[in-house]
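Everything numeric here is computed off the predicted structure, so don't read it as measured data. Numbers here are sequence positions counted from 1.
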Amino acid sequence: MDPPLPREAESYRLSAVVDLPEEQHPDRVRLRFLQSGEDRAVKEARVLAGTTIFDAASWNGVAVDSTCGGHGTCKKCRVKVVSGQAPVSPVDPRAFSVEELKSGWRLACRAAAQEDMTIEVPPLQTRPKAALAGVGRHIILRPAVQKRFVELEESTLEDQQSDLERLLAAMDDVEPRVPLGILRELGGTLRRANWNVTAVLVDDLLIDVEEGDTSGDRHAIAFDLGTTTVVATLLDLETGLPKAVRSVLNAQQPFGADVISRISAIMMDDDALERLQQHAHETLQQLTDEVCTEAGVDPAEVYEIVVAGNQTMIQIALGIDPEPLSMAPFTVATRRMPEATAADFGVTVHRRAPAVTFPALGAYVGPDIVAGILATGITLDRRVRLFIDVGTNSEIVLGSSARTLATAAPAGPAFEAAQIRCGMRAADGAIEGVRIVDGDVELTVIGDVAPVGLCGSGLVDAVAELVEAEMLDHSGRFILDNSDRFGTIGEENVFYLSDDVYLSQRDVRELQFAKASIATGWQILCRDLGIEPSEIAQVLLGGSFGSYLTPASAIGIGLVPKLPVTRIVAAGNVAGEGAKIAALSVTERAAANAVLDEVEYVELSGREDFNDLFIDQLAFPG
């Protein structure tokens, strides 16, 4: 996946509560969470209008009580809306008194954010045994990291068991593998701790024996190692809740914006692989330092990391030459990586912490998409659902528990705005939302500053609005007589969104080719699955870019099937969510490994029906 900087992961702490700007856009809202507790932490997030408070909180590491997975049955996800309006849902009166409803109390899973809000989040009342992760998935906590506090009898002349035998006898329900390094330290640890120690196990591996009772302190970090952006989530394995979330641009950027550029750099320079690997390690370590510092957690208490990423990013991070991925027959080094450690990824946490990766279906439907399949639960659902990770290489998954298909569609860089005349990343000054009302253009600009460029979500909005306003015909040609905002630069027609930012005819063509490639992909999967697009129960748009696409615009340009808007759902950073799920549950981790046997990969290149379908999908829907 190749997402721009994920704005749902850009939450941050504020030292004081400040007023939000009154100006807003109906498609995107800003939420401010006031977390009750000792530090009264404040976090801000920007999400699509209609996102529930519960989902917005979950995506941004804000812990909200729940035991039902956000289905409105446990009535524990109580929050107070202190500014902004949230209509009373049919379920709310069963959870709150009339006075509480008047003062703003709502169930977070039933409160859709339609405007800017400030929300007070009470502290957790109970220690959860399950966590909500992925797309509404309820995960039973069963992390691989386990701790056993044992009180041993001191050895005597009459009882000359070895130190290791004495420790293992106190944990007779497990038979762990014991590294040599444990034995080097075991004798001293037992005697310094007066024989009261905590054994740290990850699956069947004994990775440490700690002095005293440390059984309440165990953490893991889930990474989404994206081509553009890397996201880290520090998880408390006792509760299943995130303690800190951070994101940063991948330090490999100087070697190119996409995986092909980075593979090309490796092919042309013998030292490039080592340098790219070092940059990946530096990025992961920076995030590790940041999340541990924010949460006040000793990195030595992080006993496992989980890394999701596309196949190229994973191979580079592990120092494996990715060149075979770039040319036919597009061969991966392995579909399942051998055992690795955090140190193999350049991450300094517990010195024996394992690193977990996901399997790959192929060179371009890689570990990040397997993580996404886990997060969305497509293979567990009886409904037919479509999952699209929109990017330079767009991965598409369609199916249900009966049968699931996956493919990759080369969409090109249009959605990243890389080849767009006024294109830029999703940063301050980027137009992220466009509406045309009675010929007037309304813009949403990141940072509430003057527009300086156009990011991917703004591009899709702009084209969809131009089609709807009959300023762009269904072939993709500007209708120049229908607006005085049209002009020319050189010999090319352009539409001015602002004084300095415009959309060119070539930009529209770039988007047409990108959306046609993706639409052809899901059309082919529908054919192979033997269904009509209208039978799809839900469309999940993954990745940071997908999360900020306006559903109506995605339908309007033909990127997704023409379905009711309510069926189009922003799935968030599903690769990162899949990594979190794998850290929280060994059962779910096994399910991820089973994806290779459950999902069929469909190769689009060489298909006789591809070209005809592609041409049909170039036009915008009528």
Rounded to the nearest 0.5 Å, what's the gap from CD1 on Ile316 to CG on Leu276? Could you check?
5.0 Å
Counting only heavy atoms not in Glu274, do more than 12 sit closer than 6.0 Å to its CD atom?
no
Using only heavy-atom distances, determine whether the side chains of Ser585 and Arg142 contain a donor-acceptor pair under 3.5 Å.
no
Rounded to the nearest 0.5 Å, what's the gap from NE2 on His279 to CG on Leu284? Could you check?
13.0 Å
Tightest non-hydrogen contact, residues Leu107 and Arg78, listed as CD2-CG, 4.4 Å
At their closest point, which heavy atom of Gly50 faces which heavy atom of Ala112, and how far apart are they?
O-CB, 3.7 Å
Kindly give the heavy-atom pair with the smallest separation between Val202 and Tyr303, and that separation in Å.
CG2-O, 3.9 Å
CD of Glu304 to CG of Asp203: how many Å apart, nearest 0.5 Å?
7.0 Å
Euclidean distance, Asp381 CG relative to Gln538 CD, rounded to 0.5 Å
8.0 Å
Report the distance from atom CD1 of Ile568 to atom OG1 of Thr550, rounding to the nearest 0.5 Å.
12.0 Å
I'd like to know whether Thr227 forms a side chain to side chain donor-acceptor pair (under 3.5 Å) with Asn250, so could you lay out the CA-CA distance, the side-chain angles of the two residues, the decisive distance to 0.1 Å, and finally the verdict.
CA-CA 7 Å; Thr227 310; Asn250 193 323; over 6 Å; no
For Cys292 against Ile221, the heavy-atom pair lying closest together:
SG-CD1, 4.5 Å
What heavy-atom pair brings His281 and Phe345 nearest, and what distance separates the two atoms?
CD2-O, 3.1 Å
Salt bridge (Lys or Arg N to Asp or Glu O under 4.0 Å) for Asp116 and Arg30? Distances and angles first, verdict last.
CA-CA 5 Å; Asp116 293 350; Arg30 184 173 300 167; 5.7 Å; no
Does Asp289 reach the main-chain N or O of Gln286 with its side chain, forming a donor-acceptor pair under 3.5 Å?
no
Do Glu301 and Arg218 pass the salt bridge (Lys or Arg N to Asp or Glu O under 4.0 Å) test, and can you show the C-alpha distance, the side-chain angles, and the key distance before you say yes or no?
CA-CA 6 Å; Glu301 294 174 359; Arg218 49 183 177 139; over 6 Å; no
Any sub-3.5 Å donor-acceptor pair from Arg336's side-chain atoms to Asn593's backbone N or O?
yes
Could you tell me whether a side-chain N or O of Tyr364 sits under 3.5 Å from a main-chain N or O of Leu325, the two making a donor and an acceptor?
yes
Can you tell me how far OG1 of Thr407 sits from CD of Glu395, rounded to the nearest 0.5 angstrom?
9.5 Å
Using the side-chain hydrogen bond (donor to acceptor under 3.5 Å, both in side chains) rule, pick out the option among Asp217, Thr214, Thr198 that qualifies with Lys147.
Thr214
Taking side chain as C-beta onward, heavy atoms only, is Arg385 less than 4.5 Å from Leu540?
yes
